[in-house]
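Side chains included, hydrogens not; waters and symmetry mates left out as well; all remaining heavy atoms used. Numbers restart at 1 for each chain; the letters A, B, ... are given by sequence-line order, proteins then strands.
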Protein chains: 2
Amino acid sequence: MGRWEPGAAGRLREAALALYLERGFEQTMVANIAERAGVTARTFFRHFADKREVLFDASAELEEKSLAALEAAPAMASTLDLVAAALDATVDILGGDRVLARKRHTVIMANPDLRERELIKIAHMSAALADGLRRRGIGDTEASLAAEAGTAVYRVAYEQWVYAADDLDLRDAIRRSFAQLRTLTA
Amino acid sequence: MGRWEPGAAGRLREAALALYLERGFEQTMVANIAERAGVTARTFFRHFADKREVLFDASAELEEKSLAALEAAPAMASTLDLVAAALDATVDILGGDRVLARKRHTVIMANPDLRERELIKIAHMSAALADGLRRRGIGDTEASLAAEAGTAVYRVAYEQWVYAADDLDLRDAIRRSFAQLRTLTA
DNA sequence: CGCGTTGATGTCATCAGGTGACATCATCGT
DNA sequence: ACGATGATGTCACCTGATGACATCAACGCG
């Protein structure tokens with residue numbers, strides 16, 4: 001429907017990650033990304049709200065999938081098991097390409113602005129999970145705590161997975177992290 | 001030592017919070033804040049790294065105090081008790097003026113950019129606590145998990161305290177929140 | 001086939017956040 | 001009295017971000 005090469009958003013995503021890796025986030029100008037993707041800077045901002053968002057627009061999908069898993073979870077599961085089931089659903093999206101995950105993680109950790117964006121995405125997910133738990137009749141505080149604790153467990157496990165020397169499975173890492181939280185609070 | 005009214009930083013802090021409350025964060029320009037504080041915009045950026053930081057520069061003090069409390073904690077305490085002791089030390093700073101806390105919290109929650117900044121401050125504190133735990137010989141994963149769980153507990157309790165209708169004590173809220181986490185993972 | 005619609009993109013103008021370089025000047029120590 | 005100090009002002013400039021309007025290939029329809 002357009003006269004230009006299709007897939008501008010994808011090209012912008014790739015270009016951005018590559019440039020952020022090569023010269024760093026701050027040293028990369030939006031014009032650079034756009035140029036590499038064969039569009040103008042104005043077009044970048046039509047696809048992504050800002051310079052950071054280009055690394056995070058998969059988060060909506062993550063939230064959908066985990067909420068769906070939460071709905072589908074058995075009725076008699078414990079609160080923490082519900083959270084675990086919801087978060088497990090994201091592994092299909094995130095746990096596949098570890099090389100890509102490492103690149104992305106490296107870039108994000110190298111820049112506070114990107115880290116901020118990541119944190120608010122996680123917080124958004126946590127709030128959504130807490131809401132889902134409340135819809136299942138779980139109390140307010142318990143829902144918030146479970147969602148927060150669950151995402152914390154996930155974060156710790158994810159980082160271990162990304163940097164693991166051997167072929168760690170993300171699901172295993174998450175399971176072990178959950179077990180350790182239980183030990184910790186025992 | 002200057003020819004101008006002293007306390008520019010404090011005036012900027014007050015002016016910023018007031019304006020963010022009155023017209024919102026985005027609608028407030030740095031020039032507005034500076035004007036109300038009787039300085040120029042350039043001076044604002046000499047005191048605060050950016051427009052958001054003006055609400056968060058107490059976080060360094062929080063981190064110091066909580067780390068100090070962590071050092072001072074008894075040697076035989078459990079990991080989670082160590083975190084609890086560290087976080088308890090911040091109550092002296094945050095738990096005093098609830099009216100101010102509510103204003104600040106309202107402003108922050110109303111704006112995603114400010115929320116991002118708050119989250120990274122908390123994450124920084126959590127990382128510092130985890131480091132402190134590791135210096136006490138606690139394992140890597142356990143340290144991270146305990147710090148993350150502890151700050152999560154704190155966040156939930158803090159929000160309850162801020163919005164409580166009656167005269168809730170922040171310390172009590174935190175204690176109860178910790179207890180609930182223990183129940184949750186039991 | 002010709003034509004109007006559609007939607008993604010380009011172009012241009014403009015603003016606000018943020019920074020570097022240099023000037024200014026009250027206060028302090030000598 | 002005078003030079004050092006340090007906070008502030010002034011100016012120039014870059015980049016991120018947004019609104020308004022123009023452009024033009026593909027599509028559907030008569």
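The closest donor-acceptor contact from the side chain of A:K51 to the backbone of A:A16 lies at 3.5 Å or more, if one exists at all.
Taking atom CD of residue A:E26 and atom P of nucleotide C:dG18, one finds them 11 Å apart after rounding to whole Å. C:dG18 atom P lies 17 Å from atom CD of A:Q27, rounded to whole Å. Atom pair B:D50:CG and C:dA16:C1' shows a separation of 13 Å (rounding to whole Å applied). Residue B:E35 contributes atom CD, which lies 17 Å from atom C1' of D:dT10 at whole-angstrom precision. To the nearest angstrom, P of D:dA17 lies 14 Å from CG of A:L12. Between the CZ atom of A:F44 and the P atom of C:dA8 there is a distance of 17 Å, given to the nearest Å. Across the protein-nucleic acid pair, B:M29 atom CE and C:dT14 atom C1' stand 14 Å apart, rounded to whole Å. One can place NZ of A:K51 at 14 Å from P of D:dT18, the figure rounded to the nearest angstrom.
Contact annotation: A:T40 side-chain N/O to C:dT9 OP1/OP2 distance is not under 4.0 Å. Between C:dT9 and A:H47, a contact under 4.0 Å exists linking OP1 or OP2 to a side-chain N or O. For the OP1/OP2 pair of C:dA8 and a distance below 4.0 Å, the side-chain nitrogens and oxygens of A:T43 include no atom meeting the criterion.
Not a single donor-acceptor contact under 3.5 angstrom links the side-chain atoms of A:R46 to the base of C:dG7.
Side-chain atoms of B:R42 lie closest to C:dG20 of the nucleotides C:dT11, C:dT9, C:dG20. Of the candidate nucleotides C:dT11, D:dC11, C:dT9, C:dT9 has the atom nearest to the side chain of A:A8. For B:F45, taking side-chain heavy atoms from C-beta onward, the closest of the listed nucleotides C:dT9, C:dG17, C:dC12 is C:dG17.
For the pair A:L80 and A:R182, the minimum side-chain heavy-atom distance is below 4.5 Å.
Smallest separation of non-hydrogen atoms from B:F45 and B:D50: CE2-CA, 4.1 Å. Contact record, B:G38 with B:R11: O-NH2, 4.4 Å, taken as the closest heavy-atom pair. Contact between A:S66 and A:T90 at its shortest, heavy atoms only, is CB-CG2, 3.9 Å.
Contacts of B:A49 with the nucleic acid, taken as non-hydrogen atoms under 4.0 Å apart, involve only primed sugar atoms and P, OP1 or OP2.
Heavy-atom distances to DNA chain D give each of A:F25 and B:A9 a nearest nucleotide, and the one nearer the 5′ end belongs to B:A9.
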